[in-house]
2 protein chains.
Amino acid sequence: MSATESPSPSARAAAPAAVPAKTPATVPGTLSATAPGVARRLLALNLVRLRAQRGWSQEALAHESGLHRTFIAHVERQVRNASIDNVERLADALGVSVAAMFQPPPDPPAG
Amino acid sequence: MSATESPSPSARAAAPAAVPAKTPATVPGTLSATAPGVARRLLALNLVRLRAQRGWSQEALAHESGLHRTFIAHVERQVRNASIDNVERLADALGVSVAAMFQPPPDPPAG
DNA sequence: TTGTAGACTAGCGTCGACA
DNA sequence: CTGTCGACGCTAGTCTACA
């Protein structure tokens with residue numbers, strides 16, 4: 001035990017943020033810092049972008065990643081929630097890191 | 001849809017990397033760029049690190065992420081492959097971006 | 001507090017076929 | 001080439017309980 005040398009017996013209860021706010025920054029009218037499904041979208045965006053950048057077809061990517069053609073199509077359409085194990089496989093097939101799949105796309109020059 | 005204006009009818013067949021190598025950089029004695037399960041490990045490492053950094057218990061993190069206690073424990077032990085939807089939830093609970101969960105941990109100075 | 005086991009449900013991921 | 005439906009297996013994810 002002694003996970004953290006907490007001065008108090010009930011560490012969690014005595015912790016400064018003992019009771020973490022359930023709705024911290026959910027200001028009415030303000031979107032959450034991280035919207036639900038942002039990962040799915042980022043993954044899809046980067047997936048389509050990287051794939052098109054290489055001139056690969058969904059079938060080719062599916063073949064490279066060892067996944068099925070239909071699955072690739074679903075992920076790109078955000079109708080399917082892939083697991084990290086498959087996301088890594090996709091990233092490996094594209095030659096990028098898993099973190100890159102969730103990296104925000106390079107904002108295009110406005111002018 | 002003209003994905004790529006390939007001069008040849010069989011775009012894929014005529015594509016530059018028409019036949020992508022199945023084992024491209026698997027040089028004998030050289031480890032692959034991305035080892036299998038690296039995402040699972042990175043996720044677990046960052047998860048434990050960020051959680052301990054906040055002095056949160058698995059139960060607290062589970063409560064914050066809205067997931068179950070057992071699931072958190074399994075992910076940290078890498079015995080479970082989480083989906084991006086849940087990874088995002090974990091990242092949100094920790095106040096970090098999904099990409100941060102797969103970011104390589106700050107390697108400590110060797111000496 | 002954390003790890004693990006067992007049982008259960010829900011959804012992922014595959015396959016084949018069509019538009 | 002890409003999107004989608006139907007069916008199917010497998011595992012992610014939940015819950016209870018014990019060490």
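Each chain gets a letter, A, B and so on, in the order the sequences are listed, and its residues count up from 1.
Taking atom CZ of A:R69 as the reference point, atom P of D:dC5 lies 14 Å away to the nearest angstrom. Distance A:I72 CD1 to D:dG3 C1': 14 Å, rounded to the nearest Å. B:H68 has its NE2 atom 14 Å from the C1' atom of C:dT2, to the nearest Å. The nearest whole Å value for the distance from the CZ atom in B:R51 to the C1' atom in C:dG3 is 12 Å. C:dC12 atom P lies 15 Å from atom CG of A:L90, rounded to whole Å. Between A:H63 atom NE2 and C:dG13 atom P the separation is 20 Å, expressed in whole Å. One interatomic measurement links the two molecules: CG of A:N81 to C1' of D:dA12, which rounds to 10 Å at whole-angstrom precision. Summarising the geometry, the separation between CZ on A:R80 and P on D:dT4 is reported as 12 Å, rounded to the nearest angstrom.
In this structure, the side chain of B:R54 engages the main chain of B:L94 through a donor-acceptor pair within 3.5 Å.
Within 4.0 Å of A:R89, counting heavy atoms only, lies no atom of the nucleic acid at all. Among the atoms of the strands shown, only primed sugar atoms or phosphate atoms (P, OP1, OP2) are found under 4.0 Å from some heavy atom of B:R77.
Map B:S83 and B:T70 each onto its nearest nucleotide of DNA chain D; the residue landing nearer the 5' end is B:S83.
No option in B:R69, B:E76, B:H63 other than B:E76 meets the side-chain hydrogen bond (donor to acceptor under 3.5 Å, both in side chains) test with B:Q58.
Distance from the side chain of A:S57 is smallest for D:dC1 among the nucleotides D:dT16, D:dG13, D:dC1. Comparing D:dT2, C:dG13, C:dG3 by their nearest atom to the side chain of A:Q58 picks out D:dT2.
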